[in-house]
Number of protein chains: 2
Amino acid sequence: MPIQARRERERAERARLIVTAARELAEAEGWDAVTTRRLAAEIEYSQPVLYSHFRGKGAIMAAVAAQGCADLAAELRRARTAARGTREALAAVARTYTSFGRRRPALYDAMFTHLVDLPFAAREAPAPLREAFAELLLAVEPAAAEGDDPGLLTETFWAGLHGLVTLTRGGRLPERAHEARLALLIGRFAGD
Amino acid sequence: MPIQARRERERAERARLIVTAARELAEAEGWDAVTTRRLAAEIEYSQPVLYSHFRGKGAIMAAVAAQGCADLAAELRRARTAARGTREALAAVARTYTSFGRRRPALYDAMFTHLVDLPFAAREAPAPLREAFAELLLAVEPAAAEGDDPGLLTETFWAGLHGLVTLTRGGRLPERAHEARLALLIGRFAGD
DNA sequence: CTCTCACGCCTAGCAACGCTAGAAATCGAT
DNA sequence: ATCGATTTCTAGCGTTGCTAGGCGTGAGAG
């Protein structure tokens with residue numbers, strides 16, 4: 001039955017279409033503009049079609065978030081492997097991370113602030129997310145002191161980056177001195 | 001005209017009633033449960049009354065956030081003044097901050113994640129917010145190195161705390177090792 | 001080639017949301 | 001007691017996420 005295979009292929013294609021439409025719409029006009037009606041119009045289908053692919057709007061955002069994690073992981077990897085020394089790699093990764101968060105705010109929000117539908121801290125976290133974290137770890141680990149747990153240290157460093165991104169973009173911290181704050185954070189984690 | 005004075009007093013009282021009702025409802029059931037209808041029922045008035053006091057739901061959340069900042073500032077002050085040395089004060093303030101964020105998540109969200117109606121980074125930031133930041137600054141400043149800008153250092157430390165709070169509560173970081181991560185962060189900012 | 005049946009899609013609608021207009025009621029002043 | 005203004009409520013608008021039920025299309029059997 002090759003015909004059913006074609007159907008499934010078309011379905012998968014349409015699911016991808018939904019996710020990319022949601023991402024593009026969110027990045028262009030913010031998540032508030034991503035309504036089920038608007039999204040349905042964008043993909044040129046009716047609303048209920050969305051629900052035959054995803055449980056609801058939250059699930060669509062989760063899919064977008066997963067894709068975003070893959071993007072972030074790729075960017076981090078590129079930055080890390082292009083850097084020379086330990087401290088340079090840490091700085092490059094940190095700069096790339098905050099740049100990502102400020103360059104693509106809607107995507108970042110879906111990944112790290114809005115959503116809860118994705119199992120993050122658990123073992124069964126989605127692969128792209130684990131990859132992104134692994135990239136951070138690879139950059140932080142060489143800079144760790146003797147007694148420090150690299151995993152915990154990475155999580156703490158991540159928290160610092162995340163805090164800088166969200167507080168700055170939410171208007172809690174002035175954009176101006178972002179670079180200075182970032183340098184300060186890197187300095188505190190570079191292990192002298 | 002003492003009668004007009006009484007009216008204004010009653011109005012102010014009702015405004016306070018609205019804010020505390022919103023805060024309590026949010027802390028009990030989350031901000032999703034805080035609808036204008038529900039809130040109106042809670043204060044035993046009709047919906048439009050809310051709009052005679054506040055521009056909209058966002059303004060109510062802003063008022064709750066301002067009150068939350070005052071609460072946080074008070075807690076931080078207590079923790080800081082009760083501590084002995086420089087490092088102890090920093091640790092006490094940090095512990096109090098994350099405790100606040102995890103103990104009162106709805107309030108914390110209104111203050112630092114959801115809202116944008118409040119001018120934060122600007123000069124005309126609300127007084128309670130400036131007080132809370134000032135408390136952080138008083139704890140961080142003594143631990144600063146020679147060349148570091150205390151203000152920027154405090155903002156960076158704040159970002160670390162904020163990241164720990166939000167990532168942990170959003171399920172991105174496991175609750176388990178929170179204390180260890182916090183200790184790690186404090187250690188990186190205690191200036192040895 | 002035709003009939004049948006099942007699957008997939010769309011139209012229509014539900015409850016709830018934030019917010020607002022205009023009627024109704026209340027209360028002080030004359 | 002009546003007027004006038006202020007306050008409050010009823011009712012409703014447009015939009016949201018989501019769902020039920022009918023309709024059309026197209027694959028498979030004879």
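Just so it is clear: chains get the letters A, B, ... in the order the sequence lines come, proteins before strands, and each one is counted from 1. Being a predicted model, the structure only gives us computed values, none of them experimental.
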query = Please, which pairs that meet side-chain hydrogen bond (donor to acceptor under 3.5 Å, both in side chains) have at least one residue in residues 65-76 of chain A, sequence neighbours excluded?
reply = A/D71-A/R104, A/E75-A/R103
query = Atom CG of B/L39 to atom P of C/dA16: distance rounded to whole Å?
reply = 18 Å
remark   = In short, side-chain hydrogen bond (donor to acceptor under 3.5 Å, both in side chains) pairs touching residues 144-153 of chain B with sequence neighbours left out are A/R188-B/D148
key: B/R78: partners by side chain to side chain donor-acceptor pair (under 3.5 Å), with sequence neighbours left out   = none
query = Roughly how many Å is it from CG in A/L50 to P in C/dC10, rounded to a whole number?
reply = 10 Å
Which atom pairs, donor and acceptor, lie under 3.5 Å between side-chain atoms of residues 51-65 of chain B and protein residues at least two apart or in another chain?
unit_1: B/S52; atom_1: OG; unit_2: B/V49; atom_2: O; d: 2.7
unit_1: B/H53; atom_1: NE2; unit_2: B/R14; atom_2: NE; d: 3.0
unit_1: B/H53; atom_1: NE2; unit_2: B/R14; atom_2: NH2; d: 3.0
unit_1: B/K57; atom_1: NZ; unit_2: B/V34; atom_2: O; d: 2.9

query = Whole-Å distance between D/dT10 C1' and B/Y45 OH?
reply = 17 Å
query = Counting any heavy atom closer than 4.0 Å, what does B/R38 reach on the DNA or RNA strands: base, sugar-phosphate only, or nothing?
reply = nothing
Side chain to side chain donor-acceptor pair (under 3.5 Å) against A/E155, all qualifying residues, sequence neighbours excluded = B/R181
key: Residues A/W158, A/F189; criterion ring pair (Phe, Tyr, Trp, His ring centres under 6.0 Å); working and verdict   = CA-CA 11 Å; A/W158 177 26; A/F189 279 81; over 10 Å; no
key: Gap between atoms CD1 and P, on A/I18 and C/dC9 respectively (whole Å)   = 10 Å
key: Protein-nucleotide distance (A/E10, atom CD; C/dG8, atom P), rounded to Å   = 12 Å
Reading 5' to 3' through nucleotides 13-24 of chain D, protein heavy-atom contacts under 4.0 Å coded B for base, S for sugar-phosphate only, - for none = ---BBBBB----
